[in-house]
Amino acid sequence: MPTRFLTLDDIELRGKRVLLRADLNVPVKDGVVTDATRIERLAPTIEKLIAKGAAVVVMSHFGRPKGAPEPKLSLRPVLAPLRRALGGREIAFAEDCIGEKAERVVGALRPGQVVLLENLRFHPGEEANSLDFARALAALGEVYVDDAFSAAHRAHASIAALAQLLPAAAGKLMEAELDALSAALEHPARPVVALVGGAKVSTKLDLLRFVIGKVDVLAIGGAMANTLLFAQDIAVGRSLCERDMAESARQLLSLAAERKCRVILPEDAVVAGELAAGVASQTVAIGTVADDMMILDIGPRTVAVIAAALDEARTLVWNGPLGAFETPPFDEGTTAVAIKIAELTRAGRLRSVAGGGDTVAALAAAGLTDDLSYVSTAGGAFLEWLEGRELPGVAALAAAAHRG
Ligand code: 3PG
Ligand code: MG
């Protein structure tokens with residue numbers, strides 16, 4: 001997968017107006033941003049653009065409006081945390097991302113100043129990847145910088161079409177994401193372990209197939225492991241399980257055998273009669289799950305098997321929690337494995353890369369986010385990358401680099 005792209009050091013920025021595609025699609029509750037991680041990870045790119053003498057026009061989508069303005073999906077609530085992330089710097093706001101309102105605010109911008117444009121998805125041209133809409137955006141600046149890895153799986157105008165119209169480079173966050181991801185799967189230190197969890201095999205079939213061809217060990221947890229166990233005639237009681245996926249699950253296991261990828265499945269499990277906080281639970285060996293019980297987490301023996309594989313590994317890629325981690329005590333397996341990963345990473349023995357909304361939430365809940373080598377800001381884009389797919393945002397930057 002060629003991921004050659006220009007960076008901020010490769011293009012002329014002094015005195016330029018830079019259109020910066022960010023992903024400010026952050027969680028907001030009652031008009032207040034509840035997790036500013038994406039904003040904080042964007043800030044160094046803005047600082048660097050300013051230091052290089054550019055004026056910065058920040059653009060992003062927010063939520064999923066249907067191509068028309070929706071007051072609840074305004075980007076305004078992002079202004080205050082963005083200002084904080086930039087050390088209190090003033091930021092202008094344009095009530096539209098194209099046209100007269102945008103041009104007026106952007107036209108007044110001087111080098112070193114920053115403006116945030118209103119939600120790109122208030123216009124249907126954004127998601128349609130319309131060239132006309134991209135032209136209207138391009139009219140606002142002279143250089144395009146894409147720092148939105150987490151939206152790189154969307155072939156939208158501000159990500160794909162726009163990159164064809166202006167000199168285009170990756171921002172610092174985009175660069176860091178691509179470097180971390182390619183170091184983990186394209187030319188990793190071996191052995192490589194992939195840790196994959198989550199509820200459903202059906203949503204991760206492509207991911208599992210791709211990963212099996214790339215890694216030495218695949219450890220599977222979460223409810224998706226139940227489907228793989230069921231496919232081998234192992235009783236899973238009332239556990240979440242995709243019975244209609246049994247054949248696909250068996251195909252995955254034979255693919256793994258063919259590709260000499262060792263698969264680790266749960267050997268024991270924490271089970272309970274229902275999924276509820278603090279419910280009575282017990283640890284049982286796989287194969288002995290009673291008919292009225294649900295598997296809700298991996299057990300300590302499984303944690304030990306995964307930990308032993310990690311001890312041997314040099315690289316880890318992780319997506320998906322290993323149990324029903326939002327509901328204690330079923331977070332314990334995920335947390336125990338996360339602690340092991342953090343220890344090995346801190347000791348310099350493992351390069352660890354994690355991504356996906358639930359995985360990031362589980363790491364944050366365990367207070368371990370900063371202990372991994374790299375935690376991606378991306379959800380869907382991280383998954384598509386793990387499926388081996390070409391991301392439109394990355395392809396657009398590569399094409400721009402080719403163009404020179
Ligand atoms: C995300 O939050 O995963 C990205 O911003 C993409 O958002 P979308 O799924 O609405 O395109
Ligand atoms: Mg999403």
Side-chain angles (χ1 to χ4, degrees), residues 19-29 33-43 45 58-70 72-78 81-82 85 97 116-130 133-134 137 145-163 170-171 173-174 176-178 180-181 198-200 203-204 206-207 318-321 353-364 369 374-387 389-397:
L19 291 178
L20 174 61
R21 181 44 158 109
D23 186 353
L24 298 173
N25 191 28
V26 293
V28 170
K29 202 169 177 243
V33 173
T34 55
D35 178 0
T37 306
R38 281 182 175 172
I39 298 171
E40 286 152 11
R41 303 270 291 270
L42 169 74
T45 297
V58 183
M59 49 184 187
S60 176
H61 71 285
F62 180 65
R64 291 178 176 170
K66 309 251 169 307
E70 233 179 274
K72 274 218 234 61
L73 295 178
S74 169
L75 268 168
R76 254 186 204 286
V78 170
L82 183 57
C97 61
L116 173 64
L117 304 181
E118 184 55 288
N119 197 343
L120 293 162
R121 288 186 184 171
F122 284 176
H123 291 268
E126 167 64 355
E127 293 190 58
N129 197 21
S130 142
F133 181 67
L137 291 171
V145 172
D146 187 357
D147 217 22
F149 174 76
S150 49
H153 56 319
R154 304 295 182 214
H156 294 173
S158 65
I159 293 164
L162 181 55
L173 176 56
M174 174 70 94
E177 295 265 6
L178 292 175
L181 299 189
K200 292 180 172 179
T203 57
K204 291 195 184 168
D206 289 342
L207 182 154
W318 183 9
N319 173 261
V353 175
D358 288 343
T359 317
V360 174
L363 283 168
T369 312
Y374 197 79
V375 177
S376 177
T377 57
F382 185 83
L383 288 178
E384 290 200 20
W385 172 79
L386 268 185
E387 292 169 354
R389 294 222 244 163
E390 182 180 72
L391 306 180
V394 179
L397 288 176

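Just so you know, ligand 1 is whichever comes first in the structure, and atom 1 is the first atom listed for that ligand.
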| query | Taking the side chain as C-beta and beyond, is there a heavy-atom pair between Phe382 and Glu177 under 4.5 Å? | reply | no

| task | Would you name the heavy atoms of Met59 and Leu19 that are closest together and state the gap between them? | result | CE-CB, 3.9 Å

| field | Element-labelled atoms of ligand 1 that are located less than 4.0 Å from some non-hydrogen atom of Asn25 | value | 1 (C), 2 (O), 4 (C), 5 (O), 7 (O)

| Would you call Arg21 and Glu126 a salt bridge, using N to O less than 4.0 angstrom? | yes

| Is there a donor-acceptor pair closer than 3.5 Å between any side-chain N or O of Asn129 and the backbone N or O of Ala161? | yes

| query | Considering distance alone, does some N or O of His156 sit under 3.5 Å from an N or O of ligand 1? | reply | no

| request: May I ask you to identify, for Glu127, whether its side chain, its backbone, both or neither come under 4.0 Å of ligand 1 on a heavy-atom basis? | output: neither

| task | Locate the shortest heavy-atom distance separating Glu70 from Pro65; write the atom from each residue and the value. | result | OE1-CA, 3.5 Å

| In terms of atom number and element, which parts of ligand 1 are under 4.0 angstrom from non-hydrogen atoms of Arg121? | 8 (P), 10 (O), 11 (O)

| Atoms in ligand 1 with a heavy atom of Arg38 nearer than 4.0 Å | 1 (C), 2 (O), 3 (O), 5 (O)

| Nearest heavy atoms of Ala151 and His61, plus distance in Å | CB-CE1, 4.0 Å

| said: Does the Lys NZ or Arg CZ of Arg38 fall within the cation-pi geometry relative to Phe62 - under 6.0 Å from the ring centre and within 45° of the axis? | reply: no

| message | Could you tell me, atom by atom, which parts of ligand 1 come under 4.0 Å of a heavy atom of Arg64? | response | 8 (P), 9 (O), 10 (O)

| query | Of all the atoms in ligand 1, which lie at a distance below 4.0 Å from a heavy atom belonging to Arg154? | reply | 8 (P), 9 (O), 11 (O)

| query | Between Glu127 and Gly67, is there a donor-acceptor pair closer than 3.5 Å when you use the side chain of the first and the backbone of the second? | reply | no

| field | Ligand-side contact atoms (ligand 1) for residue partner Asp23, heavy atom cut-off under 4.0 Å | value | 4 (C), 5 (O)

| Would His61 count as a contact of ligand 1 if the rule is a heavy atom under 4.0 Å away? | yes

| ligand 1 N/O within reach of His153 N/O, cut-off under 3.5 Å | no

| Do any heavy atoms of Ala151 fall under 4.0 Å from ligand 1? | no

